[in-house]
Amino acid sequence: MTKPAQTELPAKYVPAEHEPSVSARWDEARAFHADPARVLSGEAKPYCIVIPPPNVTAALHLGHALNNTLQDVLIRYHRMRGYETLWMPGTDHAGIATQTVVEKRVLAEEGKKRTDFPRDEFVARIQAFKDEYEERITDQLKAMGCSCDWDRQRFTMDEICARAVREAFFRLFKDGLIYRGKRLVNWDPVTQTALADDEVENEEIEGIFAYLRYPLVRAIGSGDHAPVTWSELAAKGYPGAEAFPEDDQAFVTVATTRPETYLGDTAVAMNKRDPRHKPLEGLFVELPLVGRIIPIIEDDYVVLPVSLGGDENDPKAKMATGFLKVTPAHDPNDWEIGVRHDLPVINVMAPDASISADHGWDDYDPHHGAHVFIGLSREDARKKVLNEFKARGLLEAVKPHAHSVGHSYRSHAAIEPYLSDQWYVKVTDDRLRGAALRAMAEDQRTSQLMLPRESNEHDGKLTFTPPRYAKTFEQWHENLRDWCISRQLWWGHRIPVWSRVVNIPSDAKFEGTTRISSTWSSQGCAHFAQALSEGEMIDFVCVPPAPDKSKLDQADRKFPTPDAQLNEQEIIRDLEANGFTQDPDVLDTWFSSALWPMSTMGWPDANAAGPEFAGLLDAFNPTSVLTTAREIITLWVSRMVMFNRYLLAEESSKEQMAKDPDESQGSESEIWPSGHLQSGHLPFRDVFIHAMIQDGEGRKMSKSLGNGVDPLDIIESHGTDAMRLTLCEMTTQTQDVRMPVERDETTGKNTSPKFDKGRNFCTKLWNATRFVLMMLGEKSGGEPASVSAKQLDVIDRWMLSRLARATRQIDESVASYQFSNYATALFDVLRNDYCDWYLEGVKPTLATKPGQRIVLQQVLEAILRLMHPVAPFITETIAPSVRAAFVGRVDGVTLPDGRNPDLLCTTGWPEVSDALIDEDAERRFTRMQELVEAIRRLRAQHSVPPRRKIILHADSDMVASIAGLGQVTETLAGLDAITTESPKGEAVAFDFEGIELKLSNLADAVDASAERERLELRLKELEGSIGALEKRLSNPGYTDKAPAHLVAETRGKLEQQITERDAVTKRLGELG
RNA sequence: GGGCGAGUAGCUCAGUUGGCUAGAGCAUCCGCCUUACAAGCGGAGGGUCCGGGGUUCGAGUCCCCGCUUGCCCA
């Protein structure tokens, strides 16, 4: 490692000239590589973060910059604190998003669709796209200064992660926590895949409410039906029937936002409290053009219209007719009704949401007229239905109706509730959901629904910051539904299940789903069968990933060791020879993301993964903190907690099993014990949820609005550290932060004035360092090896005190994830304290005070280290020069060498003793600052030229106390002298702490009218203030109840202001 | 509909057990190329702390009602 010898810095800090070489030095030293052995040996405590893997779909935006900056701050801080620190980087394959982007690209560039390619070939295309973006993203993260362990970078679809996915799927499947079901899913007809609940966004749309009349019929035996007339209804006491022509066919009116789904109606439901219910009992309706005869049923779900006693405040009751068309295949609520009443389920759409009779419309009969709808889109079919009903006099009304409709977060198409076979994870099982809820910190749980704790060290250890987000997590789990994990895509982890449909053997009678013993199960597969209709069943075989032999050799004696020659490919060949085919679907992306804290560390088999994975999981899982945005709490945080706890429970369940060997009898086909009597490790202990960046108007940054800011543009224009400083300062505990966006006219790129502050601050550090190096270079020599506070001047002791407080504040800020406070502490200590006061104050004395030179250098070096986690590049750039300028130590300020002192990023964190907090020095210095500010104010008011030295006249006490600070006051206030003598020429008097001081030699002649104006203004202020204080003190409630020190303070203040008022009055009198 | 934020100077925001005359940065104005720094230094002006009630000796801070605005969930 070469150490730059030069101690002089260029006049200007140009980030681009230094950042690449600093990055190279970090890389060269492998400074960010974590060694789990140091944790396992007890040498160092672990600190670990797994990166929320960015999607490979697009380059990183400012939100990523924020997210990753905060993680890097935490990581760099803890690395300097001596933790063995691992920041695991990687990217996410983002199934639907990436496939969609590539499909669009291929269509635009080559005019071809996905289905024009063989599956493997198209996946290879996506792979190539992924490679391109993965590299780009990695480069961006490096440009942002992220100190990830780049040797360990993962991708959610690489071999290591794929192995984890296979293992997790297999275990969950085997344990009955993954099942296949025919359900309504959120179907995206454009991308033609199922979506999870949280991939659906609700949007308000201007829709309609259509009122459709369904003619009433009654059964007349032998499957025939006859019309019901109004007179018949009237005879049964149907209210309002008399209003209709008595021989006309009666009807009921349903109200719907989706008329086209009437093709799949299988009932009309009404509430039993509806007075029309009795007369309609046992009757049917006939669906126009469809010809289907469907029953009228009773269900509490149906809302009564306001006219029949429905709730006036319920908007549904205002629109309702009391009759609900029930379409189980196309509406989730209707699905539930269908389940309750055992209704047929008729799907009338193709996967592209066009009307089709080929996907479950078994009673389709074109003779009735419904053929006119076949092939139409949902939207066209909707219009057509209305027209056809209108033509038959069956359209009662169409009203505009705004309501919210689910849309695909990816294609933005309206979601179609669609009946299909999908795979689900039974997250509602206590082993998953319960474990997640039990993980929550006790003081963050709000629900009444308290779960019994397990005697488990991981229960109750999951803590959210800010705490309000614990509620989001809690409520999500309490309302959880099973998780649909299959996606009809090509880009993703293929579902490792092979299936075939066979006849149910005559000797095996079963319903539902049953575990099967077979040649495959004896080879380690999980084999289930599920009954279908008509004597058929479907066989499902989940093939485990190729087992690790070493594991099998030491397998629990209770479980038969499978054939050691077991070969995954052989099993698959065998299955396919027996008529099995692999499920064509892939898994939801979040399935692999959910395993991220485990898969990246080589789970389930570090040995098989490679030597570099040894010990990772034991050393670093649970990780320290997950840093993410709030929208991810449900999508990702929840699932990581559930999976991590379930899948890392093996150890505890084995222990349990040893105590109670009878627990899992009868699972002979299993390689691994099931049971999971205890939930296992948390994936992380803390979850920090940071704010979302919006533009200046409070809108999301987006491509379509053109209000996004590209982090690389900011890095180019302001430097990485400037960006990071600004992002940290913005990170308060609120949920949104605003960043006014401006267009830079010269570059045409978006930027924000907010970043100027960060850039200016870096410049400040640069210039201060240049000054310090210059001073030390010129004057150094004669310093002792160390100096203690007792030997130092007030100004030095004050500076050390400020440094101690800043260090303390920064430590506290990091511990509580208060990044804004961290940045503020840096701004305060470097700019306000060190530059504005300390540097200015010591300028004249440095040459003669060796101890002061030590303080000058040590404080700068300490600040450099305090600043490094936020601004890594500039501090690393400057560090060698500052270190080289070392002149001695200050007792109580420890700047440890750390792991590798050649690089700032691996040196130690400053330890500044609390003993250096010097309240006396602070009090004296603060008093001096106030005096200097008062003099500066007067200088400005009297337009004293900055370079003109003036004279301060004070009493002997004041002169003595000022003298205690050396020449500092003179330097900072521009004084020629401080004297007890009276002014020779004209002077201006002012009050300081109730004592009258005077300034002379302000000018060749003092402007009396300006002085009078100033004094009159001051008098007015004082009188107002005195009045307020007197009022407060005359209130007995205050003097009796407020703390005594406050009352005393108020009295003191009043006295002082009265003194000053009298002085001002007197002075005004003198001015005439 | 349920949950969670935000509303403080022209702008972006601090203000964590209620207690000095409510702070910072940017912007504005005034004065300075004071040899580390004009991406700077010194100084100034600028606030019915969204509105209305309440608790309290005392409320930006706590409670209630309302308004505006944003996000999440259904």
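Within every chain, numbering begins at 1; the chains are lettered A, B, ... in the order of the sequence lines, protein sequences first and strands thereafter. Atom set for the values below is all heavy atoms of this structure, side chains included, hydrogens, waters and symmetry mates excluded.
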- Base B/U16 to side chain A/Asn821, donor-acceptor N/O within 3.5 Å cut-off: yes

- Note on the structure: Closest of B/G19, B/C37, B/U12 to the A/Lys754 side chain is B/U12

- Can you find an N or O donor on one side and an acceptor on the other, under 3.5 Å apart, linking the side chain of A/Gln733 with the base of B/A14? no

- Query: When you check the phosphate oxygens OP1 and OP2 of B/A44, does a side-chain N or O of A/Arg937 lie under 4.0 Å from one of them?
  - Reply: yes

- Establish, yes or no, whether the cationic atom of A/Arg936 lies under 6.0 Å from the six-membered ring centre of A/Trp837 and within 45° of the ring axis. yes

- Message: Taking the cut-offs as 6.0 angstrom to the six-membered ring centre and 45 degrees off its axis, would you call A/Lys471 and A/Phe464 a cation-pi pair?
- Response: no

- Which nucleotide, B/G5, B/C32, B/G70, lies nearest any side-chain atom of A/Gln694? B/G70

- Item | Side chain of A/Lys764 - closest among B/G40, B/A39, B/G70 | B/G40

- Reckon A/Glu742 touches a base, only the sugar-phosphate, or nothing at all at heavy-atom distances under 4.0 Å? nothing

- Message: Over all strands shown, is A/Pro1043 touching base, sugar-phosphate only, or nothing at heavy-atom distances under 4.0 angstrom?
- Response: base

- Message: At 4.0 Å (heavy atoms only), tell me whether A/Arg1032 reaches a base, stays on the sugar-phosphate, or touches nothing.
- Response: sugar-phosphate

- Message: Applying a 4.0 Å non-hydrogen cut-off, can you work out what A/Lys949 is touching in the nucleic acid: base, sugar-phosphate, or nothing?
- Response: nothing

- Choose from B/A39, B/G43, B/U21 the nucleotide whose nearest atom is closest to any side-chain atom of A/Asn760. B/A39

- Nearest-nucleotide pick for A/Ala940, side chain only, options being B/U34, B/C4, B/G43: B/G43

- Query: Of all the nucleotides listed (B/C37, B/G19, B/A14), which has the minimum atom distance to the side chain of A/Thr732?
  - Reply: B/A14

- Query: Which part of the nucleic acid, if any, lies within contact of A/Val737, taking any heavy atom under 4.0 Å across all strands shown: a base, the sugar-phosphate backbone alone, or nothing?
  - Reply: sugar-phosphate

- Message: If you only use heavy atoms from C-beta on, which nucleotide in B/G19, B/G3, B/C41 is closest to the side chain of A/Gln475?
- Response: B/G3

- Using a heavy-atom cut-off of under 4.0 Å over every strand shown, decide if A/Cys762 touches base, sugar-phosphate, or nothing. nothing

- Task: Decide whether A/Ser820 and A/Glu729 meet the rule of one side-chain donor and one side-chain acceptor closer than 3.5 Å.
- Result: no

- Which nucleotide in the list B/G5, B/U34, B/C11 gets nearest to the side chain of A/Pro946? B/U34

- Message: Among B/C71, B/C37, B/A6, which nucleotide has an atom closest to any side-chain atom of A/Thr734?
- Response: B/A6

- Query: Quick one: which of B/G19, B/G25, B/G5 gets closest to the side chain of A/Arg831?
  - Reply: B/G25

- Message: Within the 4.0 Å heavy-atom criterion, would you say A/Lys1053 contacts the bases, only the backbone, or no part of the nucleic acid?
- Response: base

- Is the base of B/C37 touched by the side chain of A/Glu840 through a donor-acceptor pair closer than 3.5 angstrom? yes

- Item | Sugar-phosphate only, base, or nothing, as touched by A/Leu839 at under 4.0 Å among non-hydrogen atoms | base

- Task: Look at the side-chain N and O atoms of A/Lys471 and state whether any lies under 4.0 Å from the OP1 or OP2 oxygen of B/C4.
- Result: yes

- Message: Less than 3.5 Å apart, any donor N or O on the side chain of A/Thr751 or A/Glu742 sitting next to an acceptor on the other?
- Response: no

